[in-house]
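Single-structure report; data block below.
Just so you know, ligand 1 is whichever comes first in the structure, and atom 1 is the first atom listed for that ligand.
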Amino acid sequence: MSSSIEDPIDDLSVTEPKTWATGVPAVTHALEYSLAQTSVRRTALTLLNINQTKGFDCPGCAWPEPAPGKRHRNEYCENGAKHINDEATSRRITADFFRQHSIAELDGKSDYWLNQQGRLTEPMVKRPGATHYEPIGWDEALALVAEELRALDSPDEALFYTSGRLNNEAAFLLQLFVRAFGTNNLPDCSNMCHESSGCALQETLGTGKGSVSLDDIHHADLIFVVGQNPGTNHPRMLSALDETKRNGGQVIAVNTLPEAGLMRFKHPQKARGVIGRGTPIADQFLHIRAGGDLALFQALNQLLLEAEDAAPGTVLDHAFIARNTTGFDAFAEHTRKTSWQDVLTATGLTREEIEKVHHRVLASKKVIVCWAMGLTQHKHGVPTIREVVNFLLLRGNIGRPGAGVCPVRGHSNVQGDRTMGIWEQMPQRFLDALESEFGFTPPTRHGLDSVNGIRAMHDGRATVFIGVAGNFVRATPDSTVTERAMRKCRLTAHISTKLNRSHTVCGDTALILPTLGRSDRDVQATGEQFFTVEDSMSEVHASRGKLAPASPHLLSEVAIIARLARRTLGGRPAIPWEEFEADYGTVRDRIARVVPGFEDFNARVAEPGGFRLPNPVNEGTFRTPSGKAVFTENDFTMPHVPEGHLLLQTLRSHDQWNTVPYAMNDRYRGIHNARRVVLVNPDDLAALGLADRDEVDLVSVWRDGVERRAERFVTVAYPTTRGSAAAYYPETNVLVPLDSVADISNTPTSKAVVVRLEPASAPH
Ligand SMILES: Nc1nc2c(c(=O)[nH]1)N[C@H]1C(S)=C(S)[C@@H](COP(=O)(O)OP(=O)(O)OC[C@H]3O[C@@H](n4cnc5c(=O)[nH]c(N)nc54)[C@H](O)[C@@H]3O)O[C@H]1N2
Ligand SMILES: Nc1nc2c(c(=O)[nH]1)N[C@H]1C(S)=C(S)[C@@H](COP(=O)(O)OP(=O)(O)OC[C@H]3O[C@@H](n4cnc5c(=O)[nH]c(N)nc54)[C@H](O)[C@@H]3O)O[C@H]1N2
Ligand SMILES: [Mo]
């Protein structure tokens, strides 16, 4: 046991931010972390199998792998290597650990410390009133959950949360179980992530997914990377952009921060990356004001309309617009009214900068826009992405090679989970397919998403919370409110690989149900199993664990869900849960009959590299009510930031996986040994009467008048755009008001929290 690990104490040192990403140091850093977690042998085994056709899918981000023949022997990045070895760690948490540490004591530990204790090894229960977790057998544990579920007045009083680590087969079984039980309460991490993308793309293109492939990225003339930090969060994307550039394409980066990976890239797996200065990635960098992206794309659209007026028939793709779209005239009229003064205020850019982009667009036949949380987690995230779609439609940059929309997903299977039906509002045609396959009528009333789920727990309308992967209390906003909501539950149960805050902030009865991870070998009654995942570009492929499981007491996610379903439903409707657990191929046979695009699933996934799901958009099919892509009219209203306040974004450091810090560093940004830092533009610091390295409290200002405070942060003078600041999540989730959500998608506005900086409160 490794409870000798210390809770980290911030000891900030700051160096110059890096102007390049990846390269040799990255590989060294990954190895350091791996070897601190586990043996040389296990490290070698994980790294040789990660993202190989016969190995397992990297549990890191959802960026796709190149086609089988084109993969590098080491098709992983520094952070992927850290993620896998964080899971493959040799450290173990046993029953003894929980005897030694009360839940209250564990709750006082940092997220870092909890994760560093190692893999969970046996089911544990906290009984009502108890101070400690104690061991419990699997049968008793699952019976306990089943009993609580059956005792509810309505199935809608239970919530079933999914994080994007969950594989397709388990996700399909989970939604089947939950719907057979009688509710659509399937909140997931997407609610906090790319929900705005799904909403905007569904409405305008009729499909909520990205349309491009890796090949399209390689062969685009122009790629926008907007509100995304690939150097840290999708490092292998830099290799793809490197290839785009070698093929003659250009990249425009749009960000509130000059992120290292957007500037220069050193390829870690090619000799020329080792020496020299690497490839400059961004041909143009737009240092935009927070939340200014809608205005930017609207201005670009206005410039395109005006260029068309000046040289009719040469700028817009009239044939495409006429054949495939509706709403052009109203959109054009609306866009022509855009005021440059407003655009310049909203974006903080100059007209020359935007015109320069415009000329690059005119010179490009194939354009792709990539984006991530810098767009989705804003109040106007959905209209911003709709405006991106307008921009691409104008020149027919949808549905042809080298062009399209590219929301870059986070978790490795977050897209697949949605495809499998993890959504509180799956369309009726999916529910009908479930009905004809399994012979029961799924509920049609929409379920609760994450934010509404928290409200329901808070008001006592939901009393049972089941979390499948993830760390709900740390991933969600308004930590004080959310923690109170979780503690009000009768029962909380988590299917997890590692210890986290959601195990220490728990209901009357609480269960920890430990499970196999991506790297663990999975053997069931019919032999060794594999499961499948879908990446950000709709490639579906197999993943096979290779390591001896972390403990003999672990069950796979499929097994836990199947057994829980059998116990809860008691054979009604008749679903062969035991067969599913014994042979995952039988689950895939069902998926093949229920989910469009998965016909002949078992045979196709047996091919090396798997197969790609068709995106109807690429066949010229738009599943909107009109059967066409939709131009939309979008207004921008900038967030109101009162005098003396800043707009705070909560983001990831280089050394964390979402709610889990791996180390206290953010190397590319030059931050070392500290996480409670707030990056502020030096001119804003001066205007606020503050200096670099001052100790401050962050106080969030919201219309409910409640004071939300994150204490004792240190200011770091940093080139953020004026008026904006940045600090790490999850430490700052306490500042994000539950009601501060994006219009339409209900995604917390984690990139737009109005705060003031106050001199730090006295230490406790
Ligand atoms: N190592 C690592 N990799 C990860 C994760 C991780 O935690 N660690 N998480 C995974 C997950 S689930 C996800 S969703 C992705 C997230 O990937 P990202 O979206 O890259 O993650 P964030 O750290 O939230 O970074 C948001 C970026 O948007 C910029 N930004 C913020 N506001 C604005 C704005 O108003 N306009 C513009 N143009 N830019 C803005 C920020 O400066 C930052 O560069 O990463 C995935 N990959
Ligand atoms: N303020 C703020 N909040 C945010 C964000 C932000 O940018 N700012 N980003 C949001 C985004 S984009 C996302 S996606 C969410 C992430 O929210 P989640 O997906 O809920 O959180 P993670 O931190 O990825 O979950 C980590 C836990 O997953 C469990 N786990 C890991 N691997 C496995 C596995 O294979 N199986 C099982 N069963 N469990 C496993 C481990 O126990 C680990 O502790 O957070 C959101 N919250
Ligand atoms: Mo995410």
Side-chain angles (χ1 to χ4, degrees), residues 59-63 77-80 82-83 86-87 111 114-115 120 161-167 170 188-194 225-235 253-259 261-262 286-293 296 371-378 384 408-412 414 450 467-477 494-503 513-520 557 560 647 649-660 662 720-721 724 726 728-733 735-736 747-748 750-753:
C61 74
W63 189 257
C77 69
E78 168 195 2
N79 280 339
K82 280 190 284 185
H83 304 322
D86 189 67
E87 177 184 296
D111 300 302
L114 295 174
N115 178 60
L120 296 159
Y161 173 72
T162 305
S163 156
R165 282 269 175 111
L166 198 64
N167 60 70
D188 67 353
C189 69
S190 250
N191 300 145
M192 279 80 76
C193 185
H194 265 293
V225 182
V226 193
Q228 196 199 340
N229 178 22
T232 283
N233 296 316
H234 304 91
V254 188
N255 206 298
T256 53
L257 301 175
E259 306 282 27
L262 298 172
L286 298 178
H287 200 189
I288 198 165
R289 276 191 63 193
D293 306 86
L296 168 67
W371 71 88
M373 299 303 101
L375 290 198
T376 63
Q377 296 175 338
H378 275 287
T384 302
V408 183
R409 306 275 164 186
H411 269 296
S412 50
V414 63
S450 295
V468 186
N471 183 5
F472 188 79
V473 288
R474 288 305 264 168
T476 45
H494 293 275
I495 300 178
S496 315
T497 51
K498 307 268 313 256
L499 188 64
N500 65 42
R501 184 78 51 217
S502 298
H503 306 121
L513 306 172
T515 189
L516 297 175
R518 282 279 160 89
S519 52
D520 294 316
E557 285 149 332
I560 298 171
L647 198 63
Q649 66 153 319
T650 60
L651 43 44
R652 294 154 173 79
S653 79
H654 192 68
D655 269 326
Q656 75 182 76
W657 177 264
N658 294 333
T659 65
V660 180
Y662 294 155
T720 64
T721 39
S724 69
Y728 304 127
Y729 120 87
E731 289 83 346
T732 46
N733 287 34
L735 299 170
V736 188
T747 294
S750 304
K751 296 294 184 274
V753 187

*Closest contact, heavy atoms only, His194 versus Ala372*: CE1-CA, 3.8 Å

*Does Val468 come within less than 4.0 angstrom of ligand 2, counting non-hydrogen atoms of the residue?*
no

*Side chains of Thr497 and Arg165: donor-acceptor distance under 3.5 Å anywhere?*
no

*Side chain proximity check, Tyr729 to Lys751, heavy atoms < 4.5 angstrom*: no

*asked:* Can you tell me which residue among Asn658, Asn229, Thr232 is in a side-chain hydrogen bond (donor to acceptor under 3.5 Å, both in side chains) with Arg652?
replied: Asn658

*If you count the atoms of ligand 2 from 1 in the order shown, which ones are under 4.0 Å from a heavy atom of Thr515?*
36 (N), 37 (C), 38 (N)

*Is there side-chain contact between His411 and Leu166, with at least one heavy-atom pair below 4.5 Å?*
no

*If we only count N/O pairs under 3.5 Å, is Glu557 in contact with ligand 2?*
yes

*Of all heavy-atom pairs between Gly470 and Asn500, which one has the smallest distance, and what is that distance?*
O-ND2, 3.2 Å

*Any nitrogen or oxygen of Thr476, main chain or side chain, under 3.5 Å from a nitrogen or oxygen of ligand 2?*
no

*Applying a 4.0 Å heavy-atom criterion (strictly less than), which segment of Asn500 is in contact with ligand 2: side chain, backbone, both, or neither?*
side chain

_Is it the case that the side chain of Asp655 and the backbone of Tyr662 share a donor-acceptor pair, with hydrogens and angles ignored and the cut-off at 3.5 Å?_
no

_Donor-acceptor contact present, side-chain Thr721 to main-chain Ile288, <3.5 Å_ = yes

*Write out the protein residues near ligand 1, meaning a non-hydrogen atom under 4.0 Å from one of its atoms, in order of chain and number.*
Cys61, Asn79, His83, Cys193, Val226, Gly227, Gln228, Asn229, Thr232, Asn233, His234, Val254, Asn255, Thr256, Leu257, Glu259, Ile288, Ala290, Gly291, Asp293, Ala372, Met373, Gly374, His378, Gly410, His411, Gln649, Leu651, Arg652, Gln656, Trp657, Asn658, Lys751

*Which of the numbered atoms in ligand 2 are below 4.0 angstrom from a heavy atom of Ala469?*
37 (C), 38 (N), 39 (N), 40 (C)

*May I ask you to test the Thr256-Thr720 pair for a side-chain heavy-atom distance under 4.5 Å?*
no

*Mind checking whether Thr732 has a heavy atom under 4.0 Å from ligand 2?*
no

*Name all residues meeting the salt bridge (charged side-chain N to carboxylate O under 4.0 Å, His left out) criterion together with Arg501; count only those two or more places apart in sequence or in a different chain, and write none if there are none.*
Asp107, Asp111

*What are the atoms of ligand 2, with element, lying closer than 4.0 Å to any heavy atom of Ile495?*
37 (C), 38 (N), 39 (N)

